[in-house]
J.: 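What follows is a single structure, and I will ask about it in a moment.
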Amino acid sequence: MRATVIHGPNDIRVEEVPDPVVRKSTDAVVRTVLACICGSDLWAYRGVAAREKGQRIGHEFLGVVESVGADVTTVKPGDLVVAPFVWSDGVCEFCAEGLQTSCPHGGFWGTPGSDGGQGEAVRVPFADGTLVQLPADAQSDPRLLTAMLALSDVMSTGHHAARAAGVRPGATVAVVGDGAVGLCGVLAAKRLGAERIIALGRHEARTAIARTFGATDVVAARGEEAVEAVRELTGGLGAHAVLEAVGTEQSMKTAIAVARDGGAVGYVGVPHGGSAGVDIGQMFDRNVSLRGGVAPARAYIPELLADVLSGAIDPSPVFDAAVPLDGVPDGYKAMDERTALKVKITF
């Protein structure tokens with residue numbers, strides 16, 4: 001089959017790789033229907049995050065089950081399923097607590113020895129603990145399929161930021177970052193009842209999506225200028241909850257600075273930049289809390305899926321471009337150059 005591999009900075013290729021097969025009784029093989037490129041994939045593409053030459057890449061996909069191991073009971077061949085960006089056994093203590101990202105038997109798609117999500121098929125370890133079944137008739141609805149693809153990572157991650165920051169009905173929320181995760185954070189904050197949502201971003205096409213998702217204000221600034229703008233919008237108080245969706249030192253500094261005293265920052269941007277701008281002294285003095293990390297998407301998908309199916313939320317607009325598998329290298333280039341927000345891969 002064909003799959004996406006990375007050979008080095010700015011060197012993404014689509015190559016022939018071995019077909020996935022069931023190796024263990026808890027495995028499933030899923031034929032990919034939709035996948036996508038993540039903003040976090042760009043760290044490897046730019047050479048910031050190390051990868052082995054020829055390593056598989058991609059961690060967001062949905063598809064149809066082709067085969068299952070003898071011990072798989074929750075899905076069967078022919079089922080439409082979505083996979084979170086981490087596989088997990090579903091039975092360990094961490095999985096029981098809803099923290100599947102800490103499963104001792106879990107792992108990330110594309111790590112050495114595993115399949116990446118940007119390929120024609122994927123071997124899924126621990127299928128019962130990992131895969132979530134989707135309505136079969138969704139295959140005929142491209143918009144719905146796209147919305148459900150977002151649950152594999154960006155919508156679940158935006159929701160994790162909102163939950164970590166303690167978004168509640170009536171709250172004022174600030175979202176730092178206008179990438180797909182930040183935009184989904186806006187949608188998550190609206191879903192959780194936030195009254196005012198301030199989106200920090202400088203790309204008009206993206207902040208336009210933020211407004212459709214529920215943002216009441218847009219701050220097109222960075223650094224101190226952004227902090228001053230948020231403070232002005234909130235009467236000098238700041239936001240009850242801040243969602244940090246970038247992962248740089250500047251973005252974290254901004255997030256902490258715009259938080260209201262007694263507020264909280266939910267951070268989900270993959271950290272790059274040493275201390276990531278965390279000033280414990282400032283947080284201590286102002287009683288600002290910091291929570292977040294890798295989103296346990298598997299814990300969130302069922303509840304978010306229900307709202308996608310009901311029409312209560314629709315994260316599909318974050319996908320503003322689509323390519324076939326052969327076009328994946330161009331998709332990476334487009335996202336790196338910011339001519340695309342999030343690229344969907346069709347099969």
Side-chain angles (χ1 to χ4, degrees), residues 38-40 42-43 153-167 171-192 194 196-211 213-234 237-279 282-283 286 288-295 315 318 338 341-342:
C38 185
S40 62
L42 296 181
W43 294 116
D153 185 348
V154 290
M155 185 64 224
S156 294
T157 299
H159 177 68
H160 186 53
R163 286 280 302 272
V167 175
T172 294
V173 177
V175 180
V176 181
D178 60 4
V181 170
L183 296 177
C184 287
V186 171
L187 188 57
K190 180 69 174 178
R191 176 180 178 270
L192 292 173
R196 189 173 195 182
I197 304 172
I198 305 167
L200 281 69
R202 302 190 299 173
H203 303 86
E204 292 185 4
R206 300 181 180 192
T207 54
I209 296 173
R211 287 193 181 277
F213 281 1
T216 55
D217 304 272
V218 170
V219 170
R222 286 184 178 178
E224 287 301 317
E225 184 181 354
V227 174
E228 291 175 7
V230 173
R231 289 283 173 180
E232 183 176 350
L233 287 170
T234 57
L237 299 178
H240 298 102
V242 183
L243 283 54
E244 191 284 316
V246 182
T248 64
E249 183 172 349
Q250 182 185 65
S251 64
M252 185 63 84
K253 284 182 175 179
T254 298
I256 293 170
V258 301
R260 180 188 182 106
D261 286 17
V265 174
Y267 72 103
V268 294
V270 179
H272 288 84
S275 66
V278 175
D279 183 341
Q282 179 190 168
M283 294 170 63
R286 298 175 48 229
V288 172
S289 301
L290 180 65
R291 297 186 65 214
V294 184
V318 301
R338 294 185 178 272
L341 167 60
K342 189 167 181 66

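No hydrogens, no waters, no symmetry mates; every other heavy atom, side chains included, goes into these values.
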J.: Does any non-hydrogen side-chain atom of Leu290 lie less than 4.5 Å from one of Val278?
T.: yes
J.: Could you measure the distance from the CZ atom of Arg338 to the CZ atom of Arg202? Nearest 0.5 Å is fine.
T.: 8.5 Å
J.: Hey, does Glu249 have a side-chain heavy atom less than 4.5 Å from the side chain of Pro271?
T.: no
J.: Looking at CG of Asp153 and NE2 of His160, how far apart are the two atoms once the value is rounded to the nearest 0.5 Å?
T.: 11.5 Å
J.: Any sub-3.5 Å donor-acceptor pair from Asp279's side-chain atoms to Lys253's backbone N or O?
T.: no
J.: Heavy atoms only: give me the nearest Met155-Pro315 pair and the separation to one decimal.
T.: SD-CB, 3.9 Å
J.: What heavy-atom pair brings Ala165 and Val242 nearest, and what distance separates the two atoms?
T.: CB-O, 3.6 Å
J.: What distance do Leu192 atom CG and Arg163 atom CZ have between them, rounded to the nearest 0.5 Å?
T.: 7.5 Å
J.: Closest heavy-atom contact between Thr207 and Gly201?
T.: CG2-O, 3.6 Å
J.: Please give me the minimum heavy-atom distance between Ala189 and Ala162, naming the atom from each residue.
T.: N-CB, 4.3 Å
J.: Under the 3.5 angstrom rule, does the side chain of Asp217 hit a backbone N or O of Leu233 as a donor-acceptor pair?
T.: no
J.: Determine the minimum heavy-atom distance between Ile256 and Arg286, stating which atoms define it.
T.: O-NH1, 3.0 Å
J.: What closest approach, in Å, do Ala226 and Thr254 show between heavy atoms, and which atom pair accounts for it?
T.: CB-CG2, 4.5 Å
J.: Take atom CD in Gln282; do more than 12 heavy atoms of anything else shown fall under 6.0 Å from it?
T.: yes
J.: Between OG of Ser251 and CZ of Arg222, what distance do you get to the nearest 0.5 Å?
T.: 9.5 Å
J.: Within the structure provided, determine whether Arg191 and Val167 are in side-chain contact (heavy-atom separation under 4.5 Å).
T.: no
J.: Is there a side-chain contact between Arg260 and Thr172 (heavy atoms, below 4.5 Å)?
T.: no
J.: Mind checking what makes side chain to side chain contact (heavy atoms under 4.5 Å, CB included) contact with Phe213, not counting sequence neighbours?
T.: Leu183, Val186, Leu187, Ile209, Pro317, Val318
J.: Answer yes or no: does atom CZ of Arg231 have more than 12 heavy-atom neighbours from other residues, nucleotides or ligands under 6.0 Å?
T.: yes
J.: Taking side chain as C-beta onward, heavy atoms only, is Ile198 less than 4.5 Å from Val258?
T.: no
J.: If you round to the nearest 0.5 Å, how far is CD of Glu244 from CG of Leu200?
T.: 11.0 Å
